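Computed from a predicted structure; not experimentally measured. In this chain, residues are counted from 1 in sequence order. Both ligands and their constituent atoms are indexed starting at 1 by order of listing.
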Amino acid sequence: MSDKLTGNELRKKYIDFFVKKHNHLQYKSSSLIPDNPTVLLTTAGMLQFVPMFLGYEEPPNPPRIATVQKCARAGGKDSDIENVGRTPRHHTFFEMLGNFSFGDYFKEEIIPWAWDFVINEIKLDVERLWITVFETDDEAVEIWKKTGVRPERILKKGKKDNFWGPAGASGPCGPCSEIHYDLGAEYACCDNCGIDTCECDRFVEIWNLVFTELNQDEEGNLTPLAKKNVDTGMGLERVTMVVNGVTSTFDTDLLQPILKKVCELSSKEYKKDPKTDISIRIITDHARCVSFMIADGLTPSNEGRGYVERMILRRALRHGKILGLELPFLYKIVDTVVDSYKETYPELARNRDKIISVIKAEEERFKQTLDKGELLLSQLIEEAKQKKDKTISGADAFKLYDTFGFPMELTLETALEQGLKVDEAGFKKEMDEQKERAKAAHTKISLTQNLIFVDILKKYGETDFKGYETNRIEGAKVVAIVKDSVETDGAVIGDEVDIILDRTPLYAESGGQTGDSGIISNENVKIEVVDTIKLDNLFIHKAKITEGSIKTGDKVCAEVDNLLRKQIKAHHTLAHLLQAALVRTLGSEVHQAGSQVDSFRTRFDFNFDRGLSEDELAQIEDLMNEWINLGFDCTTRIMSVEDAKKSGATALFDEKYAADVRVVSVGDVSKELCGGLHVENISELKVAKIVSESAISAGVRRIEVICANSALKLFKENNAVLEQIAKTLKTPVVELEGRLEKILEDNKSLNKKIKDLQNQIAAGKMETLYQNATEGKSGRVLVERIDGVSADILKNYAEKFADKLGESTIVLCSYSDDKISIIAKVSDSIIAKGINAGAIVNEIAQACEGKGGGRPNFAQGGAKNPANLDNALKTLKDKLV
Ligand code: SER
């Protein structure tokens, strides 16, 4: 172990290593508030470099950069907030040491460098280090071995553990390799504790090396990036902890001054009472995070990022209450945070007064709410005292928590003092329901964050949507242009911008129907619109200028991409047909639970508690095709909500509707309230084909269905595959089924023959195996692993060898067909010495996720995981000889 390096020294060591030794440029940390509006907060060091990874921005020369990045993981999909305080090392804010290569060095270089850094620079004990690698990345495994890491220290893991990214809904990502540090066996969570078996606190991931070679689009499709890149990230708090031989990041010199200040203010001692410790850690972490956020210009609010900040701040305040602190108190911690970090992050010192005043004002506001909560709580207590069961209901406790920010712990404690109970299960139920609601709302956050559009809407008013009547309008006025989240007067060729017109025929994504693409143009400019979205009734065209230039105030022609629009309309009408066919086939209890209509398919979710049979699916598909053949007209009428209801129209999910609504009817087949766009006659759908049916959550099913060009394309492609197979097998298409069955049968019998032969070969190898026996205190000891052999053969040989060896302990194992067989045979005279076949089998099985046992002289067992088998056999053998 090195001398105690401080967090400050580690930052410097890391940067020096990459800048001085490996010729990197040092870049400053970017703000905690990223430019990218689809990402809530800066969650990783790579975020500021996304345009370089994607090739939109030129990297510097040399194309290698090192940073110390401020990161926050709270709110949104990467949130860690629930864990903060409850584990020894989760944080809302943390610092990430990172180095990045843009098409420059790759695995061959970064792996040995990383090893050099951990072994030679910060002198971590090699015996405590483990490496994980993405399951198919043999190349990385070889490089780690070449670098000097022992093969048994390298583990392969799947996508969940060893594939990183993207940071937002889409972007650069790739397989990764991680360095983990073992805090030691004394922190084992159970007897089976190991890096490959559990995810407990004993093993700390310290460094993540990402081989950023892929881009993931919003649909989840992966495509290779033009260049192979590197993005590594090492959590400063964690590495400081490991280097200093402590087991909690809160015990490092980075967090200690703040934690001590919290203890001083609350007159509490740390590490005396586990419950108090949680609150101390939460306040420590949150005070730091909020200070950094305010320094980066973020203030608490009720929306988007500002809401996340308010949530963190109030959580700290609630835990202050639990510690008995009176509000305001949090602002008193700011000086300690600023003084601890001001050298690395001068923006803290520059904004010291602002941080203090923002926090204090927010505390005072929250105090008023809490006071109201206290008043309500005392009323509830009085009411509960009158009741027979003397209980405060879960709904009331939740209201206190949700509306007045009143901590449940405080409600519980106060109730207890008065001899009352609180319905905790009821509280949890309310809480879970709220989480579900929050999840549903989160998908819209990128838009609500775009406060700029709220501003534009206020300034210029709503867009007039003309798409129900026409696909093209002349003379629309350019009202606003937004570039890189800033409103601007003009844009030129190559710019990617958001354009707002006073009116438009382009449909903006809503009601499940995808946004339109199209062209905006005049004699000076051509603009490709790739998508249209809306904020209330402000239509936002996501666009790229492909010719000329444009200014606000210009008059333009806006035109829908008709080919795509035709397909979108067909798929929207198809959604209505599917809904009608589902109700007719499965009953009227089927309710729509969401839909997504694109130009290439319709995705339809509905409440239903079981999977559909093939017959039901065929029936639904036949019904839709029958209607399409009959060629019903599709008509739209505008009427009042009341009239619509009276006419029997189906309303889609729980949407709010305006006073006047559109009712879309398909012959007598379907009548729905719908703001979307539809075909004139359903023969335009040509044909309907269900492509999948599955469950997406308990009680919710999803059907994907296609029509028109998408269906024809699928038929054509499937037919081409069929014809190719027929050609390869030299069999006419109509006879393919019989031919295939025959091939599968032949295959099965060939496989069996191969297996028999493999068994014979392995058995041949076994003949002389008994010669490996060694003399020991358990007689002649034979412990062997021979893969590819069945349990029966092992048993046979155990008998044979026992005859040959006389007084002996024989243990034979085999890994074959994804399972381990274990056989142990012990001579009677050896049993007397305390050796037991049942115990032996049990020991090996336990080590390999299996079970087994038997008599003292003969036992057998099976297990699943061969990773520990060799080790277990070695340990056993050492014991026996
Ligand atoms: N982007 C990776 C991470 O955040 C490595 O920097 O872990």
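Contact between Met96 and ligand 1 is present, with at least one heavy atom of the residue lying under 4.0 Å from the ligand. The closest approach between Arg73 and ligand 1 falls below 4.0 Å for a heavy atom of the residue.
Note on Arg288 versus Glu237: salt bridge recorded, some NZ/NE/NH1/NH2 to OD/OE distance being below 4.0 Å.
With hydrogens and angles left out, the side-chain atoms of Asn83 and Arg86 include no donor and acceptor closer than 3.5 Å. For the residue pair Asp125 and Tyr181, no side-chain donor N or O sits within less than 3.5 Å of a side-chain acceptor on the partner. For Ser29 and Gln69, the side-chain atoms include at least one donor-acceptor pair closer than 3.5 Å.
For ligand 1, the atoms sitting less than 4.0 Å from at least one non-hydrogen atom of Met46 are 1 (N), numbered in the order shown with element in parentheses. Near Ala44, meaning under 4.0 Å from any of its heavy atoms, are these atoms of ligand 1: 4 (O). If you number the atoms of ligand 1 from 1 as listed, the ones under 4.0 Å from a heavy atom of Gly233 come out as 5 (C), 6 (O).
Comparing Thr232, Val210, Asn208 against atom 7 (O) of ligand 1, the shortest heavy-atom distance belongs to Asn208.
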Decide ring pair (Phe, Tyr, Trp, His ring centres under 6.0 Å) for Tyr341 and Phe292; before the verdict, give the C-alpha distance in whole Å, the side-chain angles of both, and the deciding distance to 0.1 Å.
CA-CA 10 Å; Tyr341 282 97; Phe292 271 94; 5.4 Å; yes
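Between the CE atom of Met46 and the SG atom of Cys173 there is a distance of 8.5 Å, given to the nearest 0.5 Å.
The protein non-hydrogen atom at the shortest distance from atom 1 (N) of ligand 1 is Asp231 OD2, 2.7 Å. Counting only heavy atoms of the protein, atom 3 (C) of ligand 1 lies nearest to Trp164 NE1, 3.3 Å.
Remark: Lys146 pairs with Glu108 by the salt bridge (Lys or Arg N to Asp or Glu O under 4.0 Å) rule, at least two apart or across chains.
At a heavy-atom distance under 4.0 Å, no atom of Thr43 approaches ligand 1.
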